[in-house]
2 protein chains.
Amino acid sequence: MLDARKRQVLFAIVQDYIQTAEPIGSRTIAKRHALGVSPATIRNEMADLEELGFLAQPHTSAGRIPSDRGYRFYVDAMEQLPTLTAVDAETVKRQLSGMLRGQQTMLDALARLVSSLTNYTSIVVGPQPHQARLQLMQAVPLDENRAVIMLVLDTGMVANEVLALPRGLDMYDLLVFCNYVNLNLAGTLLSKLKDMNFEAYAGQLRAGAQVLEQTMDSLIASLSRSDGDRVVLSGATNILNQPEFKDIAKLRAIMRVLDEHELVLRLVTSAPGAGASVSIGAENAVEALRDCSLITATYELSGGQTGHICVLGPTRMEYARVIALLNYVTKLVGRA
Amino acid sequence: MLDARKRQVLFAIVQDYIQTAEPIGSRTIAKRHALGVSPATIRNEMADLEELGFLAQPHTSAGRIPSDRGYRFYVDAMEQLPTLTAVDAETVKRQLSGMLRGQQTMLDALARLVSSLTNYTSIVVGPQPHQARLQLMQAVPLDENRAVIMLVLDTGMVANEVLALPRGLDMYDLLVFCNYVNLNLAGTLLSKLKDMNFEAYAGQLRAGAQVLEQTMDSLIASLSRSDGDRVVLSGATNILNQPEFKDIAKLRAIMRVLDEHELVLRLVTSAPGAGASVSIGAENAVEALRDCSLITATYELSGGQTGHICVLGPTRMEYARVIALLNYVTKLVGRA
DNA sequence: GTTAGCACTCGCCAGTGCTGAGTGCTAACA
DNA sequence: TGTTAGCACTCAGCACTGGCGAGTGCTAAC
C-alpha cells in the first residue's frame with residue numbers, strides 16, 4: 001500500500017518524533033537516516049504522506065509529525081513483536097518473583113513495576129472472580145459480642161468483616177448460621193450468591209436477620225466487586241513529564257478520567273483478548289484521551305481468572321518497547 | 001501583640017486572598033470590609049504588617065498577600081473552632097454511615113468523602129495494628145494441594161494468602177502446624193510475632209519448613225504493614241485547580257512527594273495528637289511542600305487503634321472550614 | 001525521477017510603549 | 001498625633017513590531 005521509500009520515511013518520522021517530541025524536517029531525516037536521497041526528495045514524499053493522512057503539519061513552516069493514522073500504520077507494521085532488552089527482562093523477572101503474594105499488594109506492585117519501567121502511567125485491573133464458588137463461611141469470635149465473618153472462595157479469595165452482634169443474636173446463633181450456609185450453599189457460584197436473599201436463611205434468627213443479611217451482602221459485594229476497587233493506578237506523575245501535556249487543561253482532563261475508576265475499568269476491560277492491543281489517539285472512545293494511546297494486555301491466572309494491565313501514554317509512545325514489556329509481564333504473571 | 005486594627009487588616013487580607021488568590025490592595029479592603037478608615041490609612045497598616053513579617057508583596061505595585069507567618073497568626077487566632085455548615089455535616093453523616101464496612105474500602109471512601117467536600121487532596125492513613133494480638137490461624141483447603149491460610153487478629157483484621165503445598169508437605173501437616181500455632185501463639189502480640197522465627201515451629205515439617213515460614217512472614221508483614229499500603233490518597237486532581245500550581249514544575253514536585261507513600265506516611269503520622277494540627281508552608285519539612293499546608297487530624301477507633309486523616313492544599317487554604325470538617329469526621333469515625 | 005536553488009511562511013523571541021493597579025510620600029487637616 | 005487626599009512613581013501584563021531561523025513548496029535543470 002505504501003512503497004518502500006514512503007514507509008522508510010514514515011517510520012523515520014515516527015521513530016524520531018517518539019524520541020524528540022519535535023516536528024521532524026526533511027533535512028533531519030536525510031541526515032539521521034541513510035536513505036540515500038536528498039532532503040528535496042524526502043520533502044516530496046512527505047507531502048504525499050501528508051495527503052494520504054499519515055502525517056500532519058502543526059503549522060506551515062514546521063516539520064511533520066505522525067497523525068493517529070501514521071502511528072496506526074507503524075504499529076500494525078511491526079511484523080514480529082520486538083523483544084525486550086535483556087536488562088529489562090531481568091528486572092521484570094526479579095521483581096515479579098518477589099511480589100507474588102497477597103492480592104492487593106500484588107496488583108499494586110505490578111502497577112508500580114510497569115510504570116517505573118516504561119515511564120508512563122500504568123493501570124492494573126485485578127482478576128475477576130469469574131466462575132468462583134463459595135468454599136467456606138466462617139465466623140471467628142473476637143470477644144463476647146464481636147466476631148470476624150469470613151467468606152472464602154475456591155479461588156482463594158477471602159472477604160472479611162467485623163460484625164458486632166446485635167441484641168437478640170448471640171455467638172451461637174451466628175455459628176449455626178455459618179453451618180447452615182456451609183451445608184446448603186458451599187459450591188454455589190458467586191454470581192448466584194449475589195442475587196440471593198439471605199433473609200430466608202437468617203429468618204429463623206429473628207432479631208439478627210437484617211444485620212446478618214447486610215453483612216453477607218457486603219461481603220459478597222466486596223468479593224464480586226466489578227467496580228472501581230479492582231483498579232490500581234501507578235505513575236500518574238509520569239504524565240507530567242510528557243511535553244505534550246504541559247498544558248494544564250489537557251492534563252486535568254486526563255487526570256479526571258483516571259480518577260473515575262469505573263470509567264477506566266470499562267476502558268481497559270473492553271480491549272480484545274489475545275496479545276497486547278493498542279488504541280491510538282482518537283481511537284479511544286473517551287474525548288479526553290484523544291492525545292493518548294492505551295496499550296492493554298490481558299493476563300490469565302492459573303485459576304482461569306483474567307485481569308488486565310494497561311499502559312497509558314501520549315500517542316507519541318514507545319510502542320515497541322511497551323508491547324514487548326506487557327507481553328512478557330502477562331506471560332510471567334500467568335505462570336504464577 | 002498586634003493592635004486591633006492591624007489584626008482586622010491582616011484577617012481581611014487573609015480571608016480575601018483565600019477567596020480570590022489575587023494580591024489584595026488597600027482600596028479593596030476599604031471597600032469590602034467596613035473598617036471606617038481610608039485606603040491611605042490601611043496602606044500604612046499594611047506597610048507595618050509587612051515589616052513585621054505577616055504580609056508580603058509579590059512585586060512593588062501589587063497588593064499584599066499573607067506570608068506563612070500571616071497564615072499562622074490567622075490560624076492560631078481562630079479562637080473557637082468554627083462549626084461546620086449544616087449541609088456539610090449532613091453530607092458527612094449520611095455518607096459515613098453507609099461506609100463503615102470493609103477496612104480498605106472504608107479508607108478509600110473516607111478519602112474520597114473528604115477530598116470531594118474540601119476540593120483539596122486528602123490523605124487517609126489506616127489504623128495501626130498497635131497492640132493487636134493473634135486470635136487464630138486457620139487453613140482452608142481449596143483442592144488437593146492448595147489452601148488459603150488466614151491469620152485473624154483480635155482487632156478483627158485478617159490477612160490471607162493462598163499457599164500451594166510444596167512437595168513433602170501435605171494438607172494434614174498444614175493443619176497440624178495451624179494447631180500448633182494456635183495452641184502456642186494465640187494471644188501473642190503482633191509486634192512479637194514479627195520478630196519470631198517460625199522455622200523452629202515448622203522445623204519438624206522437614207521439606208515444607210521454608211515455604212511455611214515465608215508464608216507466615218508475608219502474612220504477618222501484611223498485617224503490620226507500617227509502610228505505604230496503609231496510605232490512601234484521593235482527589236490529587238484537585239491540586240490542578242489551584243492557580244498557584246499552574247506551574248508544572250511545582251506540580252511535579254508535589255506529585256512526586258505524594259507518590260512516595262512512605263514519605264507521606266511519615267509526614268502525616270508525625271502530627272501531634274489532639275485535634276486538627278496545621279502545618280503551614282515552610283513549616284513542612286519537605287521542600288516540595290513549601291507552598292502547601294497540611295491539616296492533619298487523628299481518629300481513634302473503638303479498639304484503640306489510631307489512624308490519620310490529612311488534607312493537603314495550598315497555603316491559601318480554607319483553614320476554618322477544613323479544620324471543622326476534619327474534627328467532625330474524626331469524631332464520627334471514632335464512634336463507629 | 002532526482003536535486004539544487006529560491007522565495008515564502010510562520011512560530012518564536014526580544015524589544016517597545018501603553019495601561020492600570022497599587023504603592024509610598026508629603027502636606028494638610030482634625 | 002493620627003488620619004486623609006493628592007500625586008508621583010513602579011511594575012506586571014498586554015499588544016504590537018521586526019528580525020531570525022527552520023522548514024516548506026515550487027521550478028527548472030540535470
Side-chain angles (χ1 to χ4, degrees), chain A residues 2-10 12-17 19-67 70 243-244 246-248, chain B residues 2-10 12-17 19-67 70 243-244 246-248:
Chain A
L2 247 44
D3 72 47
R5 195 168 62 194
K6 280 199 175 48
R7 292 169 57 118
Q8 279 188 303
V9 171
L10 176 56
I13 292 178
V14 171
Q15 282 161 10
D16 282 16
Y17 186 66
Q19 249 193 311
T20 64
E22 306 259 297
I24 312 293
S26 52
R27 235 175 75 88
T28 316
I29 297 187
K31 252 190 296 184
R32 296 195 29 169
H33 302 258
L35 300 195
V37 291
S38 80
T41 309
I42 294 178
R43 274 206 289 284
N44 290 331
E45 300 287 23
M46 283 162 84
D48 291 351
L49 283 168
E50 181 167 359
E51 205 173 352
L52 291 169
F54 292 103
L55 295 179
Q57 209 172 9
H59 61 258
T60 328
S61 73
R64 301 301 209 294
I65 62 176
S67 65
E244 32 265 276
K246 64 183 193 309
D247 172 21
I248 295 259
Chain B
L2 245 45
D3 73 48
R5 194 168 63 195
K6 281 202 175 45
R7 291 171 56 121
Q8 279 188 302
V9 171
L10 176 55
I13 292 179
V14 171
Q15 282 160 9
D16 282 15
Y17 186 65
Q19 248 193 310
T20 64
E22 306 260 296
I24 312 293
S26 53
R27 234 174 74 88
T28 317
I29 296 186
K31 253 190 296 184
R32 296 196 29 169
H33 302 256
L35 298 195
V37 290
S38 79
T41 307
I42 295 178
R43 275 206 288 286
N44 290 331
E45 300 288 23
M46 284 161 86
D48 290 351
L49 284 167
E50 179 167 1
E51 205 173 352
L52 291 169
F54 292 104
L55 295 178
Q57 210 172 8
H59 57 86
T60 328
S61 72
R64 302 302 211 290
I65 61 177
S67 66
E244 33 264 277
K246 63 183 193 309
D247 172 20
I248 294 261

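Reminder, nothing fancy here: chain letters follow the sequence lines and each chain counts from 1.
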Review point. So which heavy atom on A12(B) is nearest to which on I29(B), and how close?
Key: CB-CG2, 4.1 Å
Exercise for review: Name every residue in residues 45-53 of chain A that has at least one heavy atom under 4.0 Å from any atom of DNA chain C, in order of residue number, or write none if there are no such residues.
Suggested key: none
Check your understanding: Looking at Y17(A) and P66(A), what are the two nearest heavy atoms and their distance?
Key -> CD2-CD, 3.5 Å
Check your understanding: Does F54(A) reach the side chain of L2(A), with side-chain heavy atoms less than 4.5 Å apart?
Key -> yes
Point to revise | Listed partners of R32(B) passing salt bridge (charged side-chain N to carboxylate O under 4.0 Å, His left out), at least two apart | key: D16(B)
Show me the protein contacts with nucleotides 11-20 of chain C, counting only N or O atoms at under 3.5 Å.
none

Review point. Side chain to side chain donor-acceptor pair (under 3.5 Å): which pairs involve residues 44-60 of chain B, sequence neighbours left out?
Key: R5(B)-E45(B), K6(B)-E45(B), K6(B)-D48(B), E50(B)-R64(B)
Practice item. Mind listing the residues from residues 26-44 of chain A sitting with a heavy atom below 4.0 Å of DNA chain D? Number order is fine. Key: S26(A), R43(A)
Review point. Residues two or more places apart in sequence or in another chain: which of them pass side chain to side chain donor-acceptor pair (under 3.5 Å) with R43(A)?
Key: S26(A)
**Study point:** Secondary-structure notation, DNA chain D, from Watson-Crick and G-U pairs under 3.5 angstrom (| other strand)
**Key:** ||||||||||||||||||||||||||||||
Exercise for review: Scan for salt bridge (Lys or Arg N to Asp or Glu O under 4.0 Å) pairs involving residues 20-31 of chain B, sequence neighbours excluded, and state none if there are none.
Suggested key: none
Point to revise | From K246(B) atom NZ to D247(A) atom CG, the distance as rounded to the nearest 0.5 Å | key: 13.5 Å
Check your understanding: Tell me the ring-ring contact (aromatic ring centres under 6.0 Å, His included) pairs involving residues 27-48 of chain B, sequence neighbours left out?
Key -> none
Revision key, fill the gap. Salt bridge (charged side-chain N to carboxylate O under 4.0 Å, His left out) filter on E244(B), not counting sequence neighbours, yields R316(B)
Exercise for review: Kindly give the heavy-atom pair with the smallest separation between P58(B) and A56(B), and that separation in Å.
Suggested key: CD-O, 4.0 Å
Check your understanding: What's the spacing between I42(B) CD1 and I24(B) CD1 if we round to 0.5 Å?
Key -> 12.0 Å
Check your understanding: Nearest 0.5 Å, what's the OG1-CE distance between T41(A) and M46(A)?
Key -> 12.0 Å
**Study point:** Gap separating the OG1 atom of T28(B) from the CD1 atom of I13(B), nearest 0.5 angstrom
**Key:** 9.5 Å
Check your understanding: Where do G53(A) and S67(A) come nearest, in terms of heavy atoms and distance?
Key -> O-OG, 2.6 Å
Point to revise | Interface limits on DNA chain D, where chain A has a heavy atom under 4.0 Å of a nucleotide atom | key: dA22(D) to dG25(D)
